[in-house]
Amino acid sequence: MPVLKESYDVVVVGAGHAGCEAALACARLGLETILFTVSIESVAMMPCNPNIGGSSKGHLVREIDALGGEMGVNIDHTFIQSKMLNQSKGPAVHSLRAQADKMDYTRRMRQVLENTDHLTLRQAEVSELMVENHEIRGVKTFSGAEYSCRAVVLCTGTYLNARCLYGDVINHTGPNGMQAATHLTDSLIANGVEMYRFKTGTPARVDRRTVDFSKMQEQFGDERVVPFSFTTDPESVQIDQVSCWLTYTNEKTHEIIRQNLDRSPLFSGTIEGTGPRYCPSIEDKVVKFADKDRHQVFLEPEGIHTNEMYIGGMSSSLPEDVQYAMYRTVPGLEHAKIVRNAYAIEYDCINPRQLYPSLEFKEISGLFSGGQFNGSSGYEEAAAQGLIAGINAAMKIRGREPLILDRSEAYIGVLIDDLVTKENHEPYRMMTSRAEYRLLLRQDNADLRLTKKGYEVGLISQERYEAVMAKEQMISQEIERVNSVHIGANKQVQELLAAQGSQVLSSGITLTELIRRPELNYDVLAPIDPERPELPADVREQVNINIKYDGYIRRQIRQVSQFKKLEKKKLPKNFDYNQISGLRMEAQQKLNLYQPVSIGQASRISGVSPADISVLLVYLEQMKYREEHPQIDTRKDIVS
């Protein structure tokens, strides 16, 4: 029987947050790209929380934007409330979080995809990989159609062999009742891909009309909204925002949960997959934090044109009747009517140690992957990986070096490095504490860190690149000027300092030294700085942060310098570490398993000790000497 046969440069499988970024990156780089989804309605769907960003996740979104991705632009167009989190703390942990209009977010992203040149959106289930001699050749769909290509990016999210569970109810569907993808796993296993089974969950949605908000605390957005995208005009996002609401569980809630734990598939053994430690269900919280007499619950609107509200903090897989009973013990939800039940979802994903830092499979050339398929959790983590996987699929086709961000350059670098070098037995979640150099990797300077890389890849325009370079120059010049400004102990200065609760001067001081005082900043001192130029708000912010935290920043830069030295020491591909007898057996096993690309990456593998790294460094020096002096037999000198 004749079958449909088509040819593309890149095939992207899955149109969630990872797939959208991957497909847009490839198409915007001029490659003919087809994006497959089991349902057109699931494009950029938000099946769980109705927000983008949050602690550390906001960093990822701004980095995606700086590299030329779409997520930041899309949420700027579709948010209904925005907050900068952790403002009482230092700038390293400031993070944007915006409530999204779910339907609007999906609608706009689909519109972007459908109007992007070189991009085809196709509803079909990819069921098989076409692989020859460990190289990807294309994919087959369930209908039998064949799509040949030069690279494939797998972004299957939580759809592979998915099943949704609550109580005794098991639905073999993807999230939100969407069709699951039930055939691709067999093809992956047949091609030697190691699979995991993970689990995540979501809370119930309730009808807004049945909620008593008088018993809850109203949560407002910021008075002045900061956009996610560096290209968004800040004035365009100053909108009327909707409110969210805070309430709490109580001992009655917890007692109902404890009485019904045997009916939860999470505790009965029905659920096989491993769940996320840092986003536990309400059952998990009650069991693991038995000393807590209450837990926060956030009521968040799912959009402007719907009455559905998301019960943040109470994801569950308990039976339907128990869900009604426990939710109705929460103040404000006594008469709540459920629109959608809470449920857990299990799905197939891969062991990400099978990937290079470029997110290409080590054993299948031209096959890339991103998102929850790689064992991570969250929309933002998915989008970041999808963007990198898409970029690197394009780079491979173009015969260019892959874009690999290291831990000192971006949260995206931390995310990917953690996935490919560490043992991940549960869905991975990004957190600020995972980033060693977080003072350098702030959300406010993502454009200064990464726009040049996006430009070199080809996703950032010349105009945008030049604007960032001009911004960088303005910051540098102003820091230099401020350092040369001397402030005398005159009446105006003393009055300003006294008004700010700052110690008055006994002699002259530089403006830089005043800015470093905790109670002062660059803008507060403007009245005593008559030569100060008119600068944009984002430039002034960078001047203030760089002056105020100069000592800490310099220290981290020195640490990064040491880190870079180890990252630059490359290790050979497909190397047999058993031949280096000076390595401990565990190190040999782990290094053979992970095949790290550098000494730096090897040093972060569990089971590889500092002594093992020393042995590797000596071995590399011997290898280098051998290459430079081929006439000398150094085989006997190999580390032992």
Side-chain angles (χ1 to χ4, degrees), residues 8-14 17-35 60 63-71 118-119 129 131 134-139 149-156 193 350 352-376 381-407 409-421 450-460 567 570 573 595-598 601:
Y8 288 84
D9 291 318
V10 182
V11 168
V12 179
V13 182
H17 303 282
C20 288
E21 295 292 353
L24 286 170
C26 292
R28 287 168 174 172
L29 290 171
L31 299 175
E32 290 303 321
T33 304
I34 185 166
L35 173 59
L60 290 173
E63 291 179 352
I64 290 166
D65 182 73
L67 289 168
E70 190 66 25
M71 178 174 265
H118 309 293
L119 180 55
L129 298 178
V131 180
H134 298 283
E135 290 188 10
I136 198 75
R137 293 286 186 254
V139 302
C149 61
R150 299 157 73 187
V152 170
V153 185
L154 299 177
C155 303
T156 57
V193 176
I350 65 164
R353 71 163 178 248
Q354 299 166 98
L355 304 174
Y356 289 119
S358 63
L359 297 182
E360 181 180 20
F361 277 79
K362 294 174 181 176
E363 301 299 327
I364 306 177
S365 178
L367 180 63
F368 296 79
S369 65
Q372 289 187 259
F373 179 69
N374 286 351
S376 63
E381 291 93 333
Q385 293 171 66
L387 177 62
I388 297 300
I391 287 172
N392 286 330
M395 294 300 100
K396 187 175 183 72
I397 290 172
R398 298 290 192 213
R400 294 174 57 187
E401 287 296 308
L403 173 66
I404 297 176
L405 302 173
D406 68 42
R407 302 181 72 90
E409 295 174 312
Y411 269 70
I412 295 175
V414 175
L415 163 65
I416 294 174
D417 187 66
D418 279 352
L419 285 172
V420 303
T421 62
L450 298 175
T451 300
K452 184 178 181 181
K453 292 183 180 292
Y455 173 70
E456 290 169 348
V457 163
L459 289 177
I460 296 293
E567 296 300 304
K570 299 301 181 184
K573 283 187 177 181
Q595 289 293 319
V597 297
S598 69
Q601 190 182 35

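Hydrogens, waters and symmetry mates play no part in the numbers below; they use all other heavy atoms, side chains included. Here the structure is a predicted model, which is why all the values come from computation and not from measurement.
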Subject >> Non-hydrogen side-chain atoms of Glu21 and Glu70 separated by less than 4.5 Å >> reply: yes
**OP:** Sequence neighbours left out, what passes side chain to side chain contact (heavy atoms under 4.5 Å, CB included) with Ala384? Give chain and number order.
**Re:** Leu60, Ile64, Ile412, Leu415
**OP:** Please check if atom NZ in Lys452 has more than 12 non-hydrogen atoms from other residues, nucleotides or ligands closer than 6.0 Å.
**Re:** no
Subject >> Atom pair CG/CD1 of Leu355 and Ile416 - distance to nearest 0.5 Å >> reply: 9.5 Å
Subject >> Arg150: partners by salt bridge (charged side-chain N to carboxylate O under 4.0 Å, His left out), with sequence neighbours left out >> reply: Asp9
**OP:** Starting from the C-alpha separation in whole Å, work towards a yes-or-no answer on side-chain contact (heavy atoms from CB on, under 4.5 Å) for Leu367 and Val131.
**Re:** CA-CA 9 Å; Leu367 180 63; Val131 180; over 6 Å; no
Original post:
CD/Gln372 to CD/Glu381 distance, rounded to the nearest 0.5 angstrom?
Top reply: 8.5 Å
Original post:
How about Met71 and Leu387: do any of their side-chain heavy atoms sit closer than 4.5 Å?
Top reply: no
Original post:
Does Cys26 have any side chain to side chain contact (heavy atoms under 4.5 Å, CB included) partners at least two apart in sequence or in another chain, and if so, which?
Top reply: Val10, Thr33, Ala393
**OP:** Going by the side-chain contact (heavy atoms from CB on, under 4.5 Å) test, name the single residue among Leu24, Val152, Ile34, Leu35 that passes it with Val12.
**Re:** Leu35
Subject >> For the student: nearest non-hydrogen atoms of Ser358 and Pro402, plus distance >> reply: CB-CB, 3.8 Å
Subject >> Nearest-0.5 Å distance, CG of residue Leu67 to OG1 of residue Thr451 >> reply: 7.5 Å
**OP:** Report yes or no: does Glu567 contribute a side-chain atom to a donor-acceptor pair with the main-chain N or O of Asp406 at less than 3.5 Å?
**Re:** no
Subject >> Glu32 CD to Leu119 CG distance, which is reported to the nearest 0.5 Å >> reply: 9.0 Å
**OP:** With the side chain counted from C-beta on, respond yes when Phe373 and Val13 share a heavy-atom pair under 4.5 Å apart, and no when they do not.
**Re:** no
Subject >> Residue list, salt bridge (charged side-chain N to carboxylate O under 4.0 Å, His left out) with Asp418, at least two apart or on another chain >> reply: Arg407, Lys422
Original post:
At their closest point, which heavy atom of Ser369 faces which heavy atom of Ile350, and how far apart are they?
Top reply: OG-CD1, 3.9 Å
Subject >> Nearest atoms (heavy-atom pairs only) where Ala410 meets Leu450 >> reply: CB-CD1, 4.0 Å
Original post:
Below 4.5 Å, heavy atoms only, C-beta onward: do Arg398 and Leu31 meet side chain to side chain?
Top reply: yes
Original post:
Can you tell if the side chain of Leu403 reaches within under 4.5 Å of the side chain of Glu456, non-hydrogen atoms only?
Top reply: no
**OP:** Under the ring pair (Phe, Tyr, Trp, His ring centres under 6.0 Å) rule, collect the residues that match up with Phe368, sequence neighbours excluded.
**Re:** none
**OP:** Look up atom NZ in Lys396 and atom CD1 in Ile136, then write down how far apart they are to the nearest 0.5 Å.
**Re:** 11.5 Å
Original post:
Can you name the residues that form a ring pair (Phe, Tyr, Trp, His ring centres under 6.0 Å) with Tyr455, not counting sequence neighbours?
Top reply: Tyr465
**OP:** Could you tell me which non-hydrogen atom of Leu29 sits nearest to which non-hydrogen atom of Ala394, and how far apart they are?
**Re:** CD1-CB, 3.6 Å
Original post:
Which pair of non-hydrogen atoms, one from His118 and one from Ala27, has the smallest distance, and what is that distance?
Top reply: CD2-O, 3.6 Å
Original post:
So do the side chains of Val193 and Ile364 get within less than 4.5 Å of each other, counting heavy atoms only?
Top reply: yes
Subject >> Leu154 side, atom CG; Leu359 side, atom CG - distance, nearest 0.5 Å >> reply: 11.5 Å
Original post:
Do Glu360 and Ser365 come within less than 4.5 Å of each other through their side chains, counting heavy atoms only?
Top reply: yes
Subject >> Where Cys149 and Ala151 come nearest, the two heavy atoms and their spacing >> reply: SG-O, 3.4 Å
